[in-house]
Amino acid sequence: MNLIEEVESILKEAQVFLPTSQTEEELDKNKNLFIGKKGKLTSVLKKLGNLSIEEKKAIGKRANEVSTELEETVNSLREKIKKEQLEKLIYSEFYDTLRPIKSQELGSLHPITKIQYEIEDIFVSMGFSIMDGPEVETDYNNFEALNFTSDHPARDMQDTFYVSDGNLLRTHTSAIQVRALKVLKPPFKIIAPGRVFRYEEVDASHENTFYQIEGMAVGKDISAANMVYTMNVLLTRIFQKEVKVRLRPGYFPFVEPGFELDISCTVCEGKGCAVCKQSGWLELLPCGLVHPNVLKLGGLDPNEWTGFAFGLGLDRLVMMRYGINDIRYFHSGNLRFLKQFV
Ligand code: DAH
């Protein structure tokens with residue numbers, strides 16, 4: 001093959017090979033194989049040495065033409081690649097907003113979350129703020145500052161999951177009372193919903209993970225009457241009817257006096273039935289007046305400030321409202337159960 005034939009064959013080869021480039025990068029690489037500094041065309045020109053001037057001229061001219069032609073080929077291939085890439089992008093990002101879709105099942109709020117939001121609305125309408133706290137708590141916030149000393153027998157009422165660093169999974173939302181006293185200036189009214197944990201054997205009425213809403217109001221001359229009134233508003237709105245309440249003494253180290261608040265049975269209206277075990281009353285929530293030691297540890301003078309507190313168990317409330325007989329449904333992830341509350 002003489003040199004002019006070589007030039008022609010480079011042109012032919014390039015015209016077949018260059019269009020196989022998929023990307024601009026590849027195209028540049030392939031282009032250099034033919035018309036780059038170290039490309040095939042240059043290596044032909046390096047062989048011109050011994051030829052006559054006419055031959056050099058003729059081959060040089062043809063090589064220039066081929067180079068220009070290939071340059072043009074590369075340019076048009078580059079445009080083509082760019083266009084294809086844009087089309088691909090447009091195609092991949094395109095979606096038809098009007099196209100009917102297979103109807104998708106919507107999720108819904110868990111019944112406990114629903115009742116939590118409802119209760120939050122009720123308290124916000126009475127001027128309470130909503131507070132939050134962490135699920136891993138210090139022993140101080142969960143027990144010590146709530147008047148459970150380290151050897152206090154009442155600690156046994158709450159079987160606790162301890163974390164290796166000495167902290168614990170909060171056993172009640174009452175820990176947020178301590179946080180409230182630390183950060184808020186009285187008078188204040190807060191509720192604090194949250195998940196709590198106890199080392200419990202799980203059965204139809206016991207869970208190791210459940211939900212509470214804590215309430216705390218601190219101010220001047222706050223009495224049990226303020227507490228009962230607040231609870232009455234809450235319960236009437238939750239149960240959508242007038243419910244009677246009664247207080248029985250109850251013991252919690254962080255309230256004095258402490259109470260168990262019962263409501264007239266929502267099923268038999270107090271006449272006596274299987275749900276209330278013929279008593280006409282349902283035990284609903286513990287509450288009381290904030291213990292002076294708790295106020296003191298929170299930096300307040302108990303002669304100046306008083307308050308009430310309560311702890312509402314959300315799981316039991318939802319169970320009462322919907323007649324659910326097994327607490328284990330709540331964390332079961334069972335869609336047949338959950339779909340009833342959509
Ligand atoms: N934290 C208590 C518990 O989980 C419930 C409780 C009792 C909360 C009395 C209160 C209260 O705020 O005043 O067993």
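None of the values given here were measured: they were computed from a predicted structure. As the structure lists them, so they are numbered: ligands from 1, and atoms in each ligand from 1.
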Looking at the rings of H172 and F254, which for Trp means the six-membered one, are their centres under 6.0 Å apart?
-> yes
Test side-chain hydrogen bond (donor to acceptor under 3.5 Å, both in side chains) on S52 and E55 and set out the steps.
-> CA-CA 5 Å; S52 70; E55 280 174 314; 3.2 Å; yes
What do the steps show when you test F341 against Y322 for ring-ring contact (aromatic ring centres under 6.0 Å, His included), and what is the final call?
-> CA-CA 9 Å; F341 307 99; Y322 295 110; 4.9 Å; yes
Say whether, by atom type as modelled, one donor and one acceptor occur between the side chain of R170 and the main chain of V196 under 3.5 angstrom.
-> no
Using heavy atoms and a strict 4.0 Å limit, residues surrounding ligand 1 turn out to be Q158, H172, S174, Q177, R198, Q212, E214, F252, F254, V255, P286, C287, G288, A309, F310, G311
Is the closest basic N to carboxylate O distance between R321 and E118 below 4.0 Å?
-> yes
Parallel, tilted or perpendicular, as decided by the 30° and 60° cut-offs, for the rings of F310 and F123 | parallel
